[in-house]
Every structure is written in C-alpha cells, then in structure tokens.
2 protein chains.
Amino acid sequence: MCNSHHGEQGESEERCCPGRGRVRGFMQPWLLLLLAQKPAHGYELMERLGQDDETPGADPGLLYRTLRQFEEDGLVRSSWDTKGSGPARRVYEITDEGMEYLHAWVVNIRRTRERLDRFLAEYQAYFQSPEEGR
Amino acid sequence: MCNSHHGEQGESEERCCPGRGRVRGFMQPWLLLLLAQKPAHGYELMERLGQDDETPGADPGLLYRTLRQFEEDGLVRSSWDTKGSGPARRVYEITDEGMEYLHAWVVNIRRTRERLDRFLAEYQAYFQSPEEGR
DNA sequence: ATCTGTTATATGACTAACACATATATTATA
DNA sequence: TATAATATATGTGTTAGTCATATAACAGAT
C-alpha cells in the first residue's frame, strides 16, 4: 500500500492516503474568511482558494454547494451581478452570523492544531528519542 | 447558528460546528502509533486514545471497523488472547507495511498543520492587524 | 441463583464531506 | 464557426464519522 518511504525528509509523498489527513470542511472557513475580506462570486473564490492553499483544484461542485448551504443557513447573502462581460455572477457577501461562524471555526481550528501537535510530539518521542529506539 | 461568541478567548465553544474542523481519518495514525509502541487489543486502544486526546469518546464502532480494515490491508495482524479474565481479546500488532503507512501519515499530518497555520496567519493578518481594521 | 456492571467485540443505519463526472449558458478569440 | 474561458450547477458514489444496538464472558452483590 502506498509508495515506500522511510526518508523522513518530506519529499514527494503525493497521492498517499488520498483524502485522509485533511481537515473536514476546511473549505468552509476559507470561504468565510475570503468573503470577510471582500464580497466575491464563486468562480473568483475558487481561484483565490487555489492560490494560497495548494488544495488540489478546489472542487467547484463542493464550492457552489457550500455557498448555497451557507446562504440557506444565513451565513452569507447573494445577489446577481450582470455588469461586466461573461455570464452573470452570483456575488456573495458575508453576514454578521457568518462572521460569528468564522470566529467559531477559528477556535476549532486552533484546537485541531493542538491535536496534531500532540500526535506529532508522541510520534517523535517514540521514533526520534535516544531510547525506545528502533 | 451556533452559540454566540466574540470573546476570542477560547472558552467553551463546545458542540459548535459538530464534526467539522477535525482531521479526516485521524484515528488511523493514532491506532498505528499506539500499536507501534506495543501490541494491544481494541478496548485497550480505545482507552489509550481517550486519555491523550480528548476526542469525544473514541467511538467503538469506528475503532473496531478501522482495525478490521487495517488487517485486510495488511497494516496489522491479529490473534486471540484467551488468557486473563473477561471475554477473549483480539490482540493486534503492527506490520512493516503498517509502519510505512504510519510514516506516510506523519508526512500528511505535517502538511495539514502547515495548511492550518496558513489559514490562521491569514485570519490574524486580517482581524488582528492594526490596519484592515473592522 | 439472578441481577447488574464491566470488559470486549461487533453490526446496522444514517449523515456529511468529498471526489469525479457532466450539463448549461455566456462571451471572447482564433 | 469552432474553441476556449468564464460561470454556475447537478448527479452519483465513496468514506469517515455518529449513534444506536446486539452479543457474550465474567465478576461481584443481593
């Protein structure tokens, strides 16, 4: 299973454990943060997501569905923008409720990072410490 | 949605965004690491998981199914232990392949932590920096 | 003896996030 | 007129996670 690797020197490691290890729903806080910075439409959000995060492509299906769900939950509101060229854009802006939700996400994310650190500490204590060996 | 919170001083925040923000399949590397430290049966792993990580209860259903899957994938192997009191225990030990998989997981987890940091940096740059305000 | 609690493993059913494919319409450009 | 880029959207299947429940061995109490 997976490619072999012991190097421990994070080289490639691509396509191993597909889907695993990622943060559940991580697109959600990103969308809210990007919308907090400024209102935007789906396609633009997709591109902005693709830049900072090297998330593999930022699936449009998931993105548009998430925005729809956000609107249904009152976290964002939208309006059509027909100005400019190309097809009409549905422009989203974040609501106060969306802001609160974003802040709540941040608390969760900090907690998640602590959990990761706890795991990595335990891992290193076992594999990189003088005794315990192996 | 959710409880209100602006305090920014991570107080309770319980049961908000249920399930979201957690690392997908995070039980997997934990199980492999615990088994790398020493062979164990499911129930024991459940208790050891519940200690370090304050994961809410470490669902037995998921745990046993994951161990089964691991065995099917050759990451662990098991044998029955009928010695001692109580019902028989299925004792798992990690295989070489399981070890490799664990190391691969660690690479993924480090990458995930970097993604979290990138998000938090972006968040703080917007909400905690002097300008940008709001 | 029976009842309750602990240890121990396991299945069933449902949800949500995600992955991948595809449909659609508009506009620009080759 | 064909192709590509922009833009939004649906359909379908997979998997981790959640919650409930079933089963069984054994210990101690009443």
Item to check | Gap between atoms CD and P, on A:Gln69 and C:dC18 respectively (whole Å) | outcome: 13 Å
Item to check | Taking every non-hydrogen atom, the tightest pair across A:Leu75 and A:Leu32 | outcome: CB-CD2, 4.4 Å
Next on the checklist: Is it the case that the ring center of A:His41 lies less than 6.0 angstrom away from the ring center of A:Tyr64?
Outcome noted: no
Sub-3.5 Å pairs of nitrogen or oxygen atoms, protein against nucleotides 9-15 of chain D:
residue: D:dA9; atom: OP1; partner: A:Arg68; partner atom: NH2; Å: 2.8
residue: D:dA9; atom: OP1; partner: A:Arg90; partner atom: NE; Å: 3.3
residue: D:dA9; atom: OP1; partner: A:Arg90; partner atom: NH2; Å: 3.1
residue: D:dG11; atom: N7; partner: A:Arg65; partner atom: NH1; Å: 3.1
residue: D:dG11; atom: O6; partner: A:Arg65; partner atom: NH2; Å: 2.4

Checklist entry - A:Ala88 or A:Val23: which one's nearest nucleotide on DNA chain C is closer to the 5' end? => result A:Val23
Checklist entry - Under a 4.0 Å N-O cut-off, is there an ion pair linking B:Arg113 with A:Glu114? => result no
Item to check | Pairing of A:Arg77 and A:Glu93 as salt bridge, 4.0 angstrom limit | outcome: yes
Next on the checklist: Measuring centre to centre across the rings, with the benzene-like ring taken for any Trp, is A:Tyr92 within less than 6.0 Å of A:Phe70?
Outcome noted: no
Checklist entry - Roughly, in whole Å, what's the span from CE in A:Met46 to P in D:dA5? => result 13 Å
Checklist entry - Atom NZ of B:Lys83 and atom P of C:dA8: how far apart are they, to the nearest Å? => result 15 Å
Checklist entry - Within this structure, what is the CZ-to-P distance between B:Arg22 and C:dA17, rounded to whole angstrom? => result 12 Å
Checklist entry - B:Phe26 CZ to D:dT18 P: how many Å, rounded? => result 13 Å
Item to check | Value in whole Å for how far the P atom of D:dA5 lies from CZ of A:Arg89 | outcome: 18 Å
Checklist outcome for this item: Heavy-atom closest pair (B:Leu120 atom, A:Arg110 atom, distance to 0.1 Å) is CD2-CG, 4.1 Å
Item to check | Whole-Å gap separating P (C:dT7) and CD (B:Glu47) | outcome: 6 Å
Item to check | Protein-nucleotide distance (B:His41, atom NE2; C:dA10, atom P), rounded to Å | outcome: 12 Å
Checklist entry - Reckon B:Val91 touches a base, only the sugar-phosphate, or nothing at all at heavy-atom distances under 4.0 Å? => result nothing
